[in-house]
Amino acid sequence: MVPGARLVVLGKQGAGKGTQCVHLSHHYVVPHVSTGDMLRAAVKQGTPLGRKAKEVMDRGELLGDDLIMEMVAERLGESDVRARGFVLDGCPRTVEQAEQLAEILAPAHLDLAVDIEVPTAQVLRRLAARRVCTDCGANYSTSQPPKVNWTCDICGGEVVQREDDREEAIARRLELYERQTAPLIDWYRSRDLLASVSGTGTPDAVTRRIVKAIEARRRRKGRA
Ligand code: AMP
């Protein structure tokens with residue numbers, strides 16, 4: 001059996017993080033922990049967190065570090081994650097979050113932070129075309145819509161464009177990425193915890209590249 005893993009996946013919005021995290025969670029048999037999905041579920045359920053988060057998310061801004069890390073710490077403390085590990089999607093987004101994550105995991109460490117690299121022009125095209133199921137979060141696009149009338153092939157939910165995939169919010173999110181999230185790449189690199197992988201090509205090809213990088217890292221650490 002493939003061993004568990006403790007992974008963070010970084011990359012611009014639209015780099016394919018969500019898809020790759022699903023593939024990696026199946027490959028390593030670990031939970032996919034997505035802060036965006038957790039927040040969207042809270043918005044849908046109308047919880048106090050969801051009410052607070054909705055407006056910020058619709059504008060494409062980031063929520064506060066402490067609020068996010070409290071939510072993440074709670075999830076990472078659950079038994080499935082403690083037993084096998086996790087693929088963390090959408091977090092950390094700031095150096096402060098990366099520092100808090102390291103504290104939450106101590107004395108253990110991450111196996112690796114994987115940065116999926118895709119040129120900005122390409123992510124802009126992908127985001128503008130992206131459509132998602134409001135119930136299960138499945139991804140579609142204008143060129144690969146669901147089979148019947150914008151209802152999800154998997155669960156029958158309504159398939160729509162995310163508020164924060166509209167042009168203005170996309171520009172804001174990419175600007176925030178450059179300012180707040182890109183420094184994370186240096187943070188992980190300086191701790192020898194980073195692998196950069198090209199995110200172009202088919203999703204399966206990207207997954208193979210990522211798994212190869214993770215296995216190479218494991219062999220190297222095993223020898224260290
Ligand atoms: P995502 O689906 O990962 O793009 O997340 C959607 C939105 O949720 C983001 O644009 C933020 O408003 C919020 N969000 C998700 N993860 C975080 C995080 N780690 N820190 C701050 N805000 C977050």
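Throughout, residue positions are numbered sequentially from 1 according to the sequence presented. In each ligand, atom 1 is the first atom listed, and ligand 1 is the first ligand listed. The model shown is predicted, which means the values in this text are computed figures rather than measured ones.
- Gln161 and Arg130 share no donor-acceptor pair across their side chains, judged by distance under 3.5 Å alone.
- Salt bridge status for Arg75 with Asp80: present, with a side-chain N to carboxylate O gap under 4.0 Å.
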Between ligand 1 and the protein, which N/O pairs are shorter than 3.5 Å?
from, atom 1, to, atom 2, distance (Å)
ligand 1, 2 (O), Arg40, NH1, 2.9
ligand 1, 2 (O), Arg40, NH2, 3.0
ligand 1, 2 (O), Arg162, NH2, 3.4
ligand 1, 3 (O), Arg93, NH1, 3.1
ligand 1, 3 (O), Arg93, NH2, 3.3
ligand 1, 4 (O), Arg93, NH2, 3.1
ligand 1, 4 (O), Arg162, NH2, 3.3
ligand 1, 4 (O), Arg173, NH2, 3.4
ligand 1, 5 (O), Arg93, NH2, 3.3
ligand 1, 12 (O), Glu61, O, 2.5
ligand 1, 16 (N), Thr35, OG1, 2.8
ligand 1, 16 (N), Gly90, O, 3.4
ligand 1, 16 (N), Arg93, NH1, 3.4
ligand 1, 19 (N), Gly90, O, 2.9
ligand 1, 19 (N), Gln97, OE1, 2.9
ligand 1, 20 (N), Gln97, NE2, 3.0
ligand 1, 22 (N), Leu63, N, 3.1

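- The salt bridge (charged side-chain N to carboxylate O under 4.0 Å, His left out) pairs that include a residue from residues 46-55 are Lys54-Asp58, Glu55-Arg59, where partners are two or more places apart or lie in different chains.
- Residues that satisfy the side chain to side chain donor-acceptor pair (under 3.5 Å) test with Gln20, not counting sequence neighbours, are Thr207.
- For residues 34-47, the set of pairs meeting the salt bridge (charged side-chain N to carboxylate O under 4.0 Å, His left out) definition, not counting sequence neighbours, comprises Asp37-Arg40, Lys44-Asp135.
- Figure legend: cation-pi geometry between Arg189 and Trp187 absent, as NZ or CZ is not positioned both under 6.0 Å from the six-membered ring centre and within 45° of its axis.
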